[in-house]
Amino acid sequence: MLAPISCNGYSIYFNEDGYEKLKHYIVERNPSRIFILTDENTNEHCIPVFMGKMPADFTAEIIEIEAGEPHKTIATCSQVWQVLSELGADRKSLLINLGGGVVTDLGGFVASTFMRGIDFVNVPTSLLAMVDASVGGKTGVDLGPLKNQVGVINVPGILIADTSMLMTLPANQMRSGLAEMLKHGLIQDRNYWAAFRDLSALDMNDLDVLIRDSIMIKNNIVMQDPREAGLRKSLNFGHTLGHAIESYFLQAPEKDTLLHGEAIAIGMILETWLSAKTRQFPEDTLEEITRIILSYFPKVTIEKEDIAPIISYLKYDKKNAHGHINFLLLKDIGAPVIDVRVPDDLLIRSFSYYNGQPQTV
Ligand SMILES: O=C(O)C(=O)C[C@@H](O)[C@H](O)[C@H](O)COP(=O)(O)O
C-alpha cells in the first residue's frame, strides 16, 4: 500500500485506501447533497469504477460536461452553477470532481465559488490530473485560448489517486501526463528523471511508485510556496512557451489542437535550449533531454510563420510582471532559476533548434 501524502490542509490517498477515507470523510462532513462532476468520457469509463468501490447505498447526482480543453470556460461553469442551483445544492453540498484536468480545474473553481464555496473532493482519472492538475490547489478556466486566466487557489477536502482509473486512458493522454512527470524530474530530481530514460524497462508496479513520487515532488514545492511567490514558479518549467504553443494551436483552425502535455513537451525542449544559451545549462544534458522527450513525443510541425504569433501569446503569461516576460529556466537538472528575461532573437532561435532535431517514430 502506498502511504498517504499530507498536503496543505488535505491529504492524498492512494487506490483502495482512498475510497475508505472518502467514506469516512462523507460520514464526518455529512453533506446535505452529493454531486459528481464528470465529462462524457469519464461518465462512461470511470463512474462505473468509482460506484463499484463505494457502498451500495451511496447516491449522488451526476453532472456531465463536454470533454476537452475548449470546454474549460466560464460558460461551462455557468451551466454547472445553474444545474447545482436547480438540483437544490446548498452550502453543505459536496462536489466530487471525477475526471481529467479540465474537470478537476473547472470543478474546483465551481465549488470554490458556488454560494461562496462548498466542499469538493478530487478523483483524478487521467495521468496528467493525477500527478499535476488536481494537486496543489490551482483551479480555474481558460479565457478563449488563453490558459487558466481566471481562477482561485483552493484545495479539496481529500484527493484519491486511484491508478486503476488509468486502465482505459488512451495512449496519447498517458503521454500527456508523462510530460509533467518528466518536468518534475528536470526541476527537482536527477534520479527521478533518469527513471524515464527507458520506459520499456518499467512495469505497472513501477508506474504506481513513479506517480506517487511525482506527486511528492510537486507537493513538496507547493507546501513551501502555495501562492507562487517564488519556488512554485519552477513547476511552470516548459509552460511559458508551452502554454503559448497550446493557445496558438487551440485557436488556429488549420491546426490540430495539442494536448496540454504535448505542448509542454515542446516547451521543455525550447526552454532547456534557452537555459543552455543563458544559464550555462550543460549542452550534453540538453541533447539527452531533447532525445528522450522526442522519443516519447513525435515532432510537431511548427512553421516559420507560426513563431511570431506564438511568441505574441507570451504577454498573457501569469508569471509576467511590470511588462516583463519571466521565464523559469534551469542551471542544471534539479537547479531551477526563476524570473529570467530572454531576448526575442533567442526565442526565435529556440524554435530553429527544435525544428532542426531529427524526427522520432
Ligand atoms: O501547479 C503549478 O504551480 C503549476 O504551474 C503546474 C503546471 O504544470 C500546471 O499546468 C498549471 O495548471 C499551470 O499553471 P499556470 O499558473 O501556468 O496556469
Side-chain angles (χ1 to χ4, degrees), residues 5 7-10 12 69 72-74 97 99-109 112 122 124 126-156 159 173 175-188 192 211 214-247 250 258-268 271 293 313-321 325-330 336 338-339:
I5 299 176
C7 308
N8 280 334
Y10 72 108
I12 299 176
E69 195 70 29
K72 196 172 130 183
T73 61
I74 207 73
N97 300 316
V102 171
V103 168
T104 58
D105 276 13
L106 185 144
F109 180 64
S112 304
N122 281 342
S126 71
L127 183 59
L128 188 130
M130 212 171 272
V131 298
D132 184 31
S134 71
V135 179
K138 280 188 179 176
T139 74
V141 293
D142 302 337
L143 202 54
L146 306 177
K147 296 278 303 178
N148 308 330
Q149 294 282 299
V150 178
V152 296
I153 291 186
N154 189 21
V155 294
L159 189 155
Q173 291 282 355
R175 253 202 321 266
S176 183
L178 177 68
E180 300 290 1
M181 298 169 85
L182 297 175
K183 178 195 77 181
H184 289 155
L186 292 176
I187 62 173
Q188 274 291 296
Y192 187 74
I211 289 172
S214 202
I215 296 173
M216 281 173 70
I217 290 173
K218 173 159 189 180
N219 185 50
N220 282 341
I221 294 171
V222 173
M223 296 271 278
Q224 294 173 63
D225 179 19
R227 304 208 63 89
E228 203 174 292
L231 179 68
R232 186 169 183 170
K233 293 181 189 175
S234 61
L235 288 167
N236 233 248
F237 178 61
H239 284 65
T240 315
L241 282 161
H243 271 164
I245 293 167
E246 193 181 356
S247 295
L250 261 174
L258 293 174
L259 292 176
H260 177 69
E262 292 169 338
I264 297 317
I266 305 170
M268 288 194 290
E271 293 178 18
I293 293 180
Y313 274 109
L314 295 177
K315 63 175 172 288
Y316 301 106
D317 191 274
K318 293 182 289 304
K319 300 184 297 306
N320 296 348
I325 295 162
N326 291 319
F327 277 82
L328 181 289
L329 297 182
L330 302 174
I338 62 168
D339 296 340

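Note that the coordinates shown come from a computational prediction; the quantities given were computed from them, not determined experimentally. When a ligand or atom number is given, it counts from 1 through the structure's own listing order.
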Report task. Take Ile153 and Glu228 through the test side chain to side chain contact (heavy atoms under 4.5 Å, CB included) and record every step on the way to the result. Result -> CA-CA 10 Å; Ile153 291 186; Glu228 203 174 292; 5.8 Å; no

Requested in this report: Take Ile187 and Leu235, measure what side chain to side chain contact (heavy atoms under 4.5 Å, CB included) needs, and give me the verdict at the end.
Outcome: CA-CA 7 Å; Ile187 62 173; Leu235 288 167; 3.8 Å; yes

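Sorted by chain and number, the heavy-atom contacts of ligand 1 below 4.0 Å come from Asp132, Lys138, Asn148, Glu180, Lys183, Lys218, Glu228, Arg232, Leu235, Asn236, His239, His243, His260, Lys318.
His239 and His243 have perpendicular rings, their planes meeting at more than 60° on a 0 to 90° scale where under 30° would count as parallel.
For the residue pair Pro145 and Ser247, the shortest heavy atom distance occurs at O-OG, 2.7 Å. Nearest heavy atoms, Gly177 versus Val131: O-CG2, 4.0 Å.
Within 6.0 Å of OH on Tyr10 lie more than 12 heavy atoms contributed by other residues, nucleotides or ligands.
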